[in-house]
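Naming: A, B, ... by sequence-line order, numbering from 1 per chain.
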There are 2 protein chains.
Amino acid sequence: MADYTNETKMLLAVDCIIFGFDGENLKILLIKRGFEPEKGKWSLMGGFIQENESLDEAANKILLQLTGLDGVYLEQLQAFGDPQRDPKDRIVSVAYFALIDIHKYETQLNDRYHAEWFLVNEMPKLVFDHGNMVEAAKQKIRYKAALHPLLFELLPRKFTIPQLQSLYEGVYNTRIDNRNFIRKLTSTGLLIKLEEKDKSNSKKGAFYFKLDKKKYKAKFQAFLNFIPNPENLIS
Amino acid sequence: MADYTNETKMLLAVDCIIFGFDGENLKILLIKRGFEPEKGKWSLMGGFIQENESLDEAANKILLQLTGLDGVYLEQLQAFGDPQRDPKDRIVSVAYFALIDIHKYETQLNDRYHAEWFLVNEMPKLVFDHGNMVEAAKQKIRYKAALHPLLFELLPRKFTIPQLQSLYEGVYNTRIDNRNFIRKLTSTGLLIKLEEKDKSNSKKGAFYFKLDKKKYKAKFQAFLNFIPNPENLIS
DNA sequence: ATAAATAAATGTCTAATTAACGTTTATTTA
DNA sequence: TAAATAAACGTTAATTAGACATTTATTTAT
């Protein structure tokens, strides 16, 4: 260890778990792998880290390539480094998860990667350890969103309370009492009610809300406890 | 990206932030770097990841080398990959943090590394981005220990309530009401009271407790909320 | 014009938790 | 036996969380 020069160098990758919400269900963006090994199998979007880029930069680049989106919520999840995780070579991969507004997603840009949205609960088997990465990401989101207003990153600029609630219900796979849910939400002061209604799902229509960005930033780190009895949910 | 063969390989390291508690203060174990660059400066204990070992294995190995300890609490913190973080070469480092019972620490084993315990609040400047790593680790511990009984990993088999309290007070740099603290603790059912007293700090003496290992494992993931108003503390 | 259908929006009460607060107790030493 | 020391202990008030059912706005069909 007295010198660097005869240490083994390795391939370093980033892989992105990209979540989206279509207004009803939580989805994940996968691609058909275009090269060996495991060509043709479903996979996370990833790439090798270049000499001159940081991990965050690499992850953002990949996200931009696949979705055409810039400035999305992106967080490092974990490094995965089992020596056998890729059968062809030793590759350590730093996994990132992204939360995007699915409506902003540009289909043209990604078509060359054969990208497709899947319901998180109906995902195909993934290559290598990508299934583990997705599991870890789901757990992390569940954990974090129970305490912080993370899931707003998945919503479009204006959204309705029923949408928001079904998002939480989807992420935690549970039913939430809507009166308590609304009370909790409004007490955060994060929501601004708009005039307009979304009438696509009911005759009465549901009011649109938007996020108070300032308060969102200010309160993001606070422990807001969005989920009742979280210890019964987080496994 | 169609093939691996002409991608750049890099050096991959792990660095360990090792925390200990001496019964009064939170401490961190540092070493004097024995090789260039930055030889003679204070540093985290780290090493390069070998061809055939996983990240966790590499971190455990380093921990064993430095402390002589096996089976300690070790958790991946984050990968650090700024291209300039090491001036000599591109090295991506996966940081781990460890919580050890300082009393089990064997001084003989580490002497060849010139290891030394420092109060976390009176640390020397560290090489490279190790200062950032320590900051991130401190934040993570603060975050996690507010919700999970993590800090017991720092304590010896038997410990007193006042010790436990000063541990929490040290980690959060705050005063905690001892009646509320005890009530919260005992309500978790994690503590088993022993007959024996520790009389080193008072005439009355403080009862020793030990951890109920079974309940500890069972409840570790539950949200126990050890810290009052955590949102006022976590920065 | 009215009734039926649909999903959205709303309020109250009870139980549980959290937070603030000062006094008594066990033991040693003078 | 008095003084000193730190440990151990309990109560109340305020806040928050959780359980629970009805009314409202609007559209569509009759």
**OP:** Compute whether any side-chain donor of one residue and acceptor of the other, for Glu153(A) and Tyr216(A), lie under 3.5 angstrom apart.
**Re:** yes
**OP:** Write down the distance between CD (Glu196(A)) and C1' (dT26(D)), rounded to a whole number of angstrom.
**Re:** 16 Å
**OP:** Check the pair Ser200(B) / Asp198(B) against side-chain hydrogen bond (donor to acceptor under 3.5 Å, both in side chains), numbers first and verdict last.
**Re:** CA-CA 6 Å; Ser200(B) 61; Asp198(B) 166 28; 2.7 Å; yes
Original post:
Tell me: CG of Leu164(B) to P of dA8(D), nearest whole Å?
Top reply: 12 Å
Original post:
Could you give the CZ-to-C1' distance, from Phe226(B) to dT18(C), as a whole number of Å?
Top reply: 15 Å
**OP:** Determine, stepwise, if the pair Gln139(A) / Glu135(A) fulfils side-chain hydrogen bond (donor to acceptor under 3.5 Å, both in side chains).
**Re:** CA-CA 6 Å; Gln139(A) 260 191 257; Glu135(A) 268 316 302; over 6 Å; no
**OP:** Report yes or no: do Tyr96(A) and Asn60(A) form a side-chain donor-acceptor pair below 3.5 Å?
**Re:** no
Original post:
Could you state the OH-P distance from Tyr208(A) to dA8(C), rounded to the nearest angstrom?
Top reply: 12 Å
**OP:** Starting from the 5' end of DNA chain D, give me the residue, Arg179(A) or Asn178(B), whose nearest nucleotide shows up first.
**Re:** Asn178(B)
Original post:
If you find the nucleotide of DNA chain D closest to Lys193(B) and the one closest to Lys197(A), which residue's nucleotide is nearer the 5' end?
Top reply: Lys193(B)
**OP:** Counting Watson-Crick and G-U wobble pairs only, both distances under 3.5 Å, name the nucleotide matched with dA1(C), or none.
**Re:** dT30(D)
**OP:** Only one of Met133(B), Gln76(B), Lys140(B) passes side-chain contact (heavy atoms from CB on, under 4.5 Å) with Phe97(B); say which it is.
**Re:** Lys140(B)
Original post:
Taking any strand in view, what nucleotide pairs with dT1(D) in a Watson-Crick or G-U wobble way, both distances under 3.5 Å?
Top reply: dA30(C)
Original post:
Are any of the side-chain heavy atoms of Ser93(A) and Val14(A) separated by less than 4.5 Å?
Top reply: no
Between the protein and nucleotides 28-30 of chain C, which nitrogen or oxygen pairs are less than 3.5 angstrom apart?
residue: dT28(C); atom: OP1; partner: Lys199(B); partner atom: NZ; Å: 3.4

Original post:
Quick check: does any side chain N or O of Arg142(B) sit under 3.5 Å from a backbone N or O of Val171(B), one acting as donor and the other as acceptor?
Top reply: yes
Original post:
Hey, would you say the Phe223(A) and His148(A) ring centroids sit under 6.0 Å apart?
Top reply: yes
Subject >> Heavy-atom protein contacts under 4.0 Å, nucleotides 12-17 of chain C, coded B base, S sugar-phosphate only, - none >> reply: B-----
Original post:
Between Lys184(B) (NZ) and dG10(D) (P), how many Å, whole number?
Top reply: 19 Å
**OP:** Would you mind classifying the nucleic acid contact of Ile182(B) as base, sugar-phosphate or nothing, using non-hydrogen atoms under 4.0 angstrom?
**Re:** nothing
Original post:
Given atom CG of Asp177(B) and atom C1' of dA7(D), what is their separation to the nearest angstrom?
Top reply: 14 Å
Original post:
Which whole-number value in Å describes the distance from Leu224(B) CG to dT18(C) C1'?
Top reply: 15 Å
Original post:
Does the ring center of Phe159(B) lie less than 6.0 Å from the ring center of Tyr208(B)?
Top reply: no
Original post:
Within this structure, what is the CD-to-P distance between Gln163(A) and dA7(C), rounded to whole angstrom?
Top reply: 15 Å
